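Heads up, the thing below is written out as structure tokens.
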Protein chains: 2
Amino acid sequence: MGWKPTYAIIAERIRRQITEGQLTPGSQLPSERELCDEHAVSATTIRRALAELKNLGLLESHQGRGVFVREGRRPLIRYAPHRFWPQDHPQASYYREAETAGRSVDVMAESVRTTASERVAEWLGIEVGDAVVQVTYRITMDGQPVSSSVCWEVARITDGTAIADPTSGPHAGAGLVARYAAIGRPITGIAEVISARMPSTAEAQTLDIPSGTPLFVIEQTAHTASGPVQVSEIAIPADRYRLSYDMPMPSPTEE
Amino acid sequence: MGWKPTYAIIAERIRRQITEGQLTPGSQLPSERELCDEHAVSATTIRRALAELKNLGLLESHQGRGVFVREGRRPLIRYAPHRFWPQDHPQASYYREAETAGRSVDVMAESVRTTASERVAEWLGIEVGDAVVQVTYRITMDGQPVSSSVCWEVARITDGTAIADPTSGPHAGAGLVARYAAIGRPITGIAEVISARMPSTAEAQTLDIPSGTPLFVIEQTAHTASGPVQVSEIAIPADRYRLSYDMPMPSPTEE
DNA sequence: GAGTGGTCTAGACCACAAG
DNA sequence: TTGTGGTCTAGACCACTCC
């Protein structure tokens, strides 16, 4: 029962060196060859031990340079539902989040006009093949990508209005509540469904996700009185954000 | 640029066999030795390819038996804030969730009286060392653990009331809103902060988490008019639940 | 060029499951 | 007993980084 494989023992040793401060964030570990001698095991066993710790997000390796103790930036907090409210400014909420965190934000957005897939059609309550405006976003803060998302809007509703193209015009960069308020279709509610999974290798690459870090996937639906008008699939590496939801209870006096 | 390591190519091949239905959920793969011959590579390379897919949650292996395609149960949905409302029944919400999913639920709860740690004290707005009631829950559905949580309540508030011990008395098994309503301290709001990370080996064991599945960690705070009365740290394997949040917007005219 | 991590090989031994 | 996955070894070659 008490037995542990060698690689796990070594991983535990190194882990303790990190938590006890002998290995500080950003510092470099001895090379794999040196670790082999130090622990008197073969290279594969050392590699297996290091792989465990990389998978836990404690180490990161760079080919040709070495293995280093990861230094984690504090995750931002994504406040809901506050983030959706256009308080003083109608700007999209990540601008405020970056500002309060003292980070510089960069947004890449591309919009294309396309037709609804089966999934999007059902989600938006329209027919397959109906025209939709699809926008892909990629948001980086201080050069680090923090989210990538795809967003679909019903073209029939926004066509000919000031918000027809989310990436240009007077309301570019505005939050969705402000945008739909501008065309007289106020958002009545937003629903989010959160899942978490490991990123694919492609996602890990484009979002610069260290191994061992999961991905939040948020399916967001914005409703108006006449039905959903915008849906988004938002991917956020879980080491960049925490998701906060504030849920006030209606007072029991009127029950 | 286009080069991929052998193990990645093999992993991709096997992955395609799964997505295209040649390997059905629950079915067994050829043994590692057979796969070596089939793909003309060494055992380590095959193992590396299988490790990738196990890490993605597509495969699971059992020593002495073989490697199998995992069959995933559909994740439940945890509806917030609805789940907190004591609609017809004051029962805790997982009972309803299990019922609608047609699963049998089993709850293990243990309460102890202890003192507040620094973290819990700050969280609850009390002093370090103040008396708290700590409850640990472990909820299983159809024999599969779906969450484990630790919950702290301010003893000064509940002492001497009908809800002093959350695990016994007339309100055992009731939701927190119902419980605090019963002592005349209605919950005015609930806040949740969600993070996701990979489980530790201990967590993976007790929650029966397959490798490659992250863990939701929810920090939940229940507020009354006079401040927080209960905080919980809830751990949920991300393949068991999706987290839904419904956020209606107050209409600009009234309410 | 020297040192680093990344990949791969061929083979050994072990623990576990099933007939 | 046979076949399975799990661990480990010793050594090779490659790609990358830095001097």
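Here is the naming used below: chain letters follow the sequence lines, and residue numbers restart at 1 for every chain. Bear in mind the structure is a predicted one, so any value in this text is a computation, not a measurement.
Near DNA chain C, meaning a heavy atom under 4.0 Å away, there are no residues from residues 31-39 of chain B. Residues from residues 45-61 of chain B lying near DNA chain C, meaning a heavy-atom separation below 4.0 Å, are B:T45, B:R48 in numerical order.
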Validation: residues 53-78 of chain A side-chain donor-acceptor distances under 3.5 Å, sequence neighbours left out:
{"from": "A:K54", "atom 1": "NZ", "to": "A:S61", "atom 2": "OG", "distance (Å)": "3.2"}
{"from": "A:R70", "atom 1": "NH1", "to": "A:G57", "atom 2": "O", "distance (Å)": "3.3"}
{"from": "A:R78", "atom 1": "NH1", "to": "A:E192", "atom 2": "OE1", "distance (Å)": "3.1"}
{"from": "A:R78", "atom 1": "NH2", "to": "A:E192", "atom 2": "OE2", "distance (Å)": "2.9"}

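Sorted by first then second residue, the salt bridge (Lys or Arg N to Asp or Glu O under 4.0 Å) pairs that include residues 209-218 of chain A, not counting sequence neighbours, number zero. Sorted by first and then second residue, the side chain to side chain donor-acceptor pair (under 3.5 Å) pairs involving residues 98-107 of chain B (not counting sequence neighbours) are B:S104-B:D142. The salt bridge (Lys or Arg N to Asp or Glu O under 4.0 Å) pairs that include a residue from residues 210-222 of chain B are A:R242-B:E219, where partners are two or more places apart or lie in different chains.
Listed by chain and residue number, nothing satisfies the side-chain hydrogen bond (donor to acceptor under 3.5 Å, both in side chains) test with B:Y79 (two or more places apart in sequence, or in another chain). Taking the ring pair (Phe, Tyr, Trp, His ring centres under 6.0 Å) definition, one finds that A:Y245 meets it with B:Y245, sequence neighbours left out. Qualifying side-chain hydrogen bond (donor to acceptor under 3.5 Å, both in side chains) partners for A:D208, counting only residues two or more places apart in sequence or in other chains: none. Scored by the side-chain hydrogen bond (donor to acceptor under 3.5 Å, both in side chains) test, A:S232 finds no partners at all (sequence neighbours excluded). Among residues two or more places apart in sequence or in another chain, the side-chain hydrogen bond (donor to acceptor under 3.5 Å, both in side chains) test is passed with A:E20 by A:Q22.
Rounding to the nearest 0.5 Å places CG of B:L29 at 9.0 Å from CD of B:E38.
If A:H62 and A:T6 are placed on DNA chain D by their nearest nucleotide, the residue sitting closer to the 5' end is A:T6.
Contacts between chain B and DNA chain C, taken as any atom within less than 4.0 angstrom of a protein heavy atom, begin and end at C:dT7 to C:dA18.
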